[in-house]
Engineer: 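My structure is below; once you've seen it, I'll send some questions.
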Amino acid sequence: DHHTDPLYQPRPALIEGMRAYTTLASGLGRWLSVGRKRASTCPQVQWVPVCQRCSSLVESTIGRARRTASSNAGLPHCRGAANLGHPKTLRSNASPREQETDVTIVGGGPVGLTLALLLGRHGIRSIVLDRLSQPTEHPQAHFIHQSAVEVLRQLGLEQVVRGAAPPTTDWSRFVYCGGMTGPLFASDDHRARADTYNPPLDELSPCDVVHIAQNKLVRILREAAQQNEHITLCDGVTVNTLTQRADSVRTTGTHTDTGQAVEPTIDSKFVVGADGASSTVRDLLGVRLDRGPVLQHLLNVHFSAPSLQSKLCARGMLYFVYNRETVCVIVAHDLDAGEYVAQIPYFPPFQQSSDFTIDVCHQLVCSAIDANMGFSDCNVLSVQPWRMSTATTSEYSRGRVFIAGDACHQFPPSGAFGMNTGILDAHNLAWKLVWAFRSGDASILDSYATERQPVALETAQRSLENYKAVLDTGAVIGADVNHLEKVLAAAESTAAKLMPESARSRLVRNAIAIGRSQFDLLRKDNPVGRLRLQRLQSLLNHGQGLQLVYPEHDLGQVYSCRLIDSLPKSVFPQRRSNTAELTALRNGGRFPHRSVRHIQETISTIDFAGALEACQLLLFTWGVLEKHAIDTYKALRIRFPNIVMISCDNFGEGAPTPQSNRTQFTTSSVEWSDVGAVLIRPDNVVAWHTIEFGSDDHERLATLLKEFY
């Protein structure tokens with residue numbers, strides 16, 4: 001409608017005809033080339049390539065429309081390609097040669113996709129580049145803590161994820177055994193123990209933990225991303241360069257399969273590297289990864305055994321297997337589907353990952369299922385060697401480029417902290433990116449590293465302690481890692497190196513075999529074995545083995561930065577403390593869950609922050625509201641119009657109040673105090689709170705708000 005040419009007047013029939021034509025892969029010919037030339041002079045129309053396979057073009061509206069829910073700005077989805085299952089990629093012969101977007105996200109795993117979805121909720125455009133041509137089917141992480149499930153809840157995906165996960169009865173136990181089919185040594189029901197917490201987990205959050213394989217979670221996140229018009233997924237792209245400018249970052253790459261340059265190059269305001277442990281973005285930034293010593297070398301063996309579930313000695317999530325053929329941990333990703341992953345240790349330089357062929361791994365898996373090799377109905381699908389260690393970075397950004405997830409921290413799997421910490425990285429960074437775009441002030445992004453790095457350091461320490469708990473549990477029944485380390489050290493001694501390499505390797509293998517032979521004693525009719533099994537069960541009963549949930553760590557992290565009033569001294573509350581501490585109000589901590597009612601609807605207080613629009617903060621008050629509290633809110637609204645107020649009156653009936661931007665809820669028990677107020681950030685973190693509304697509260701709150709606005 002900005003053109004005088006009648007061809008570009010907004011006649012409905014013509015517009016519909018143009019949309020129909022743009023879905024065709026061919027037949028546009030000269031008409032399209034002319035259309036592109038005219039469109040290039042129109043400030044509201046751009047033609048963008050979206051699918052290499054169908055070569056379709058989609059008309060995208062820019063400007064005012066991109067700030068609404070119906071916006072088609074950026075690189076919109078090629079719906080035809082999505083319906084055919086085609087991965088959306090940037091064409092190598094595309095025009096124009098430069099494509100603009102808001103945020104380029106490198107890495108299409110759980111962290112990158114979560115970030116894209118959180119940004120997309122507020123109309124921030126993103127392009128997600130992933131080096132894989134299609135998502136991997138190899139399961140990796142598999143457990144989602146409550147805090148990360150709360151993020152999925154904010155995205156509207158909690159029930160979708162829960163519906164795709166196995167039932168709780170399948171995975172609440174850790175099983176200690178001589179083989180998955182028996183004998184059973186001991187088991188630890190973590191769900192039952194969690195119900196004894198005071199208060200129990202279901203009172204700490206409306207979201208329960210979920211056991212679901214990472215590859216299944218990624219499918220759900222990708223499907224949600226494909227339905228979001230602000231997100232474009234570009235598979236099979238390897239990033240080569242990042243060029244930072246004063247107000248943007250240029251990203252170039254190549255097609256992973258062909259090595260051909262990807263065009264158009266991408267210009268974005270920010271880049272986020274969520275591309276895993278071997279992060280290209282981190283390397284391009286020159287950020288150093290400080291890695292601790294290697295704890296173990298392991299083979300990640302993905303296998304299927306559909307008929308196994310009926311023969312298991314017990315149903316569980318983890319199987320700690322100890323027999324004369326192997327010592328390993330098996331993750332049951334889905335018992336009904338028969339999908340498992342075995343973590344099998346090996347010992348360089350006396351063993352190499354190349355020694356473990358598919359046939360060798362099949363034999364090891366069969367022995368882990370049944371020590372007597374009575375089960376062979378399994379199929380090894382893939383084998384991936386990896387090294388267990390901790391690693392963190394001292395920097396989370398340089399300029400306009402950020403890193404998140406495994407790109408900036410890596411932990412042993414004991415505790416399932418890796419993916420969960422990455423999802424919370426994305427949650428912390430997303431609202432700050434939205435704020436920077438909408439307010440024009442990017443200084444708020446400085447708090448990302450300030451808040452998340454201490455969490456990563458503490459989590460690394462906690463994961464090491466959990467790993468030690470696993471070793472201590474094994475030592476009780478004879479799997480003492482200290483003995484093994486002595487054998488390996490002896491084989492590496494100067495004297496031993498005088499022996500041929502083959503002889504040293506044979507010596508190590510024989511020593512390991514002798515050590516594993518003692519697991520034959522683990523029988524109730526053997527006095528030594530009976531005593532060891534009693535010690536094992538006692539250790540588990542006292543909660544000294546590997547735990548499934550860590551609520552004080554998961555829900556108890558406390559941030560310290562300029563966006564928080566009255567800086568706290570610690571990152572986490574006292575470990576293994578009474579979970580009642582997690583229900584208290586703490587500046588920098590998560591706003592606790594309470595069930596509240598509005599008219600006939602019951603919701604959680606954690607849902608308030610998720611409903612905030614860009615650049616909004618929530619002032620939540622409860623109890624008998626004093627006139628001073630309401631006056632404070634009205635006065636602040638004049639200076640800070642983006643504050644939203646919600647009141648929760650213990651004694652009222654719960655009806656909307658007439659004040660502008662103020663809604664009232666009721667609850668049977670808030671339990672924090674009789675009267676109070678709290679300022680909540682978009683990530684559900686308490687920035688400030690009071691229980692009095694004294695004379696100095698107005699100024700304290702106003703001073704803090706200046707840090708945001």
Side-chain angles (χ1 to χ4, degrees), residues 50-53 75 77-79 81-90 104-120 126-144 148 151-152 155 157 160-161 163-166 210-228 231-239 253-258 262 272-281 300-304 331 333-334 337 339-341 380-384 386 404-407 413 416 418-420 422-423 426:
V50 295
C51 180
Q52 188 174 20
R53 297 192 182 185
L75 282 171
H77 295 298
C78 174
R79 300 299 180 185
N83 292 336
L84 292 172
H86 295 166
K88 289 176 292 180
T89 64
L90 298 175
T104 300
I105 300 172
V106 183
V111 179
L113 291 171
T114 298
L115 177 61
L117 289 167
L118 289 168
L119 295 175
S126 65
I127 296 177
V128 182
L129 306 177
D130 195 85
R131 65 178 182 82
L132 298 179
S133 299
Q134 59 185 10
T136 180
E137 289 300 316
H138 190 109
Q140 295 167 302
H142 60 93
F143 190 70
I144 312 178
V151 176
L152 298 176
L155 294 172
L157 297 175
V160 179
V161 171
V210 179
H211 170 53
I212 185 172
Q214 179 175 319
N215 57 320
K216 293 182 179 179
L217 175 63
V218 166
R219 283 185 220 141
I220 293 171
L221 295 174
R222 281 177 63 90
E223 183 175 346
Q226 288 169 344
Q227 300 304 315
N228 190 306
I231 303 172
T232 297
L233 305 180
C234 300
D235 298 327
V237 175
T238 298
V239 171
T254 56
H255 290 290
T256 305
D257 295 339
T258 65
V262 173
V272 179
D275 47 344
S278 302
S279 171
T280 299
V281 173
N300 186 301
V301 183
H302 180 204
F303 69 95
S304 63
V331 182
H333 285 281
D334 192 329
E339 185 172 28
Y340 306 87
V341 166
V380 174
L381 304 174
S382 59
V383 179
Q384 294 183 356
W386 65 287
D406 285 355
M419 179 176 68
N420 288 280
I423 289 175

Engineer: Within the 4.5 Å heavy-atom criterion, are Asp275 and Arg131 side-chain neighbours or not?
Structural biologist: no
Engineer: Closest heavy-atom contact between Glu339 and Asn215?
Structural biologist: OE2-ND2, 4.3 Å
Engineer: Apply side-chain contact (heavy atoms from CB on, under 4.5 Å) to Asp334 and Lys216, showing your working.
Structural biologist: CA-CA 11 Å; Asp334 192 329; Lys216 293 182 179 179; 3.0 Å; yes
Engineer: Check Ile220 against Ala164 and note the closest heavy-atom contact, atom names and distance.
Structural biologist: CD1-CB, 4.0 Å
Engineer: Quick one: sort the His333 and His211 rings into parallel, tilted or perpendicular, breaks at 30° and 60°.
Structural biologist: parallel
Engineer: Do Asp235 and Leu132 have side chains that approach each other closer than 4.5 Å (heavy atoms only, starting at C-beta)?
Structural biologist: no
Engineer: Could you state the interatomic distance from CD1 (Ile212) to CG (Leu217), rounded to the nearest 0.5 Å?
Structural biologist: 6.0 Å
Engineer: Is any side-chain heavy atom of Val262 less than 4.5 Å from a side-chain heavy atom of His255?
Structural biologist: yes
Engineer: Between Gln140 and Asp406, does a side-chain contact (heavy atoms from CB on, under 4.5 Å) hold up when you go through it step by step?
Structural biologist: CA-CA 13 Å; Gln140 295 167 302; Asp406 285 355; over 6 Å; no
Engineer: Mind checking the CG-CD spacing from Leu221 to Gln214? Nearest 0.5 Å is all I need.
Structural biologist: 9.5 Å
Engineer: So, for Val111 and Ala426, which heavy atoms are closest and what is the spacing to 0.1 Å?
Structural biologist: O-CB, 3.8 Å
Engineer: For the OG atom of Ser126 and the CG atom of Leu119, what is their distance to the nearest 0.5 Å?
Structural biologist: 6.0 Å
Engineer: Does some side-chain heavy atom of Leu233 sit less than 4.5 Å from a side-chain heavy atom of Leu113?
Structural biologist: yes
Engineer: Kindly give the heavy-atom pair with the smallest separation between Gly107 and Val128, and that separation in Å.
Structural biologist: O-CG1, 3.6 Å
Engineer: Do the side chain of Asn300 and the main chain of Ser382 share a donor and acceptor less than 3.5 angstrom apart?
Structural biologist: no
Engineer: Checking side-chain contact (heavy atoms from CB on, under 4.5 Å) for the pair Leu129/Val239: CA distance, chi angles, key distance, verdict?
Structural biologist: CA-CA 8 Å; Leu129 306 177; Val239 171; 3.8 Å; yes
Engineer: Between Val106 and Thr280, is any pair of side-chain heavy atoms under 4.5 Å apart?
Structural biologist: no
Engineer: Please tell me whether Thr238 and Thr256 have a donor and an acceptor in their side chains that are separated by less than 3.5 angstrom.
Structural biologist: yes
Engineer: Take atom CD of Gln384 as the centre, draw a 6.0 Å sphere, and report whether it contains more than 12 heavy atoms from other residues, nucleotides or ligands.
Structural biologist: yes
Engineer: Hey, are Asp130 and Arg222 close enough for a salt bridge, meaning a charged N less than 4.0 Å from a carboxylate O?
Structural biologist: no
Engineer: Atom CG in Leu117, atom CD in Gln227: separation rounded to 0.5 Å?
Structural biologist: 11.0 Å
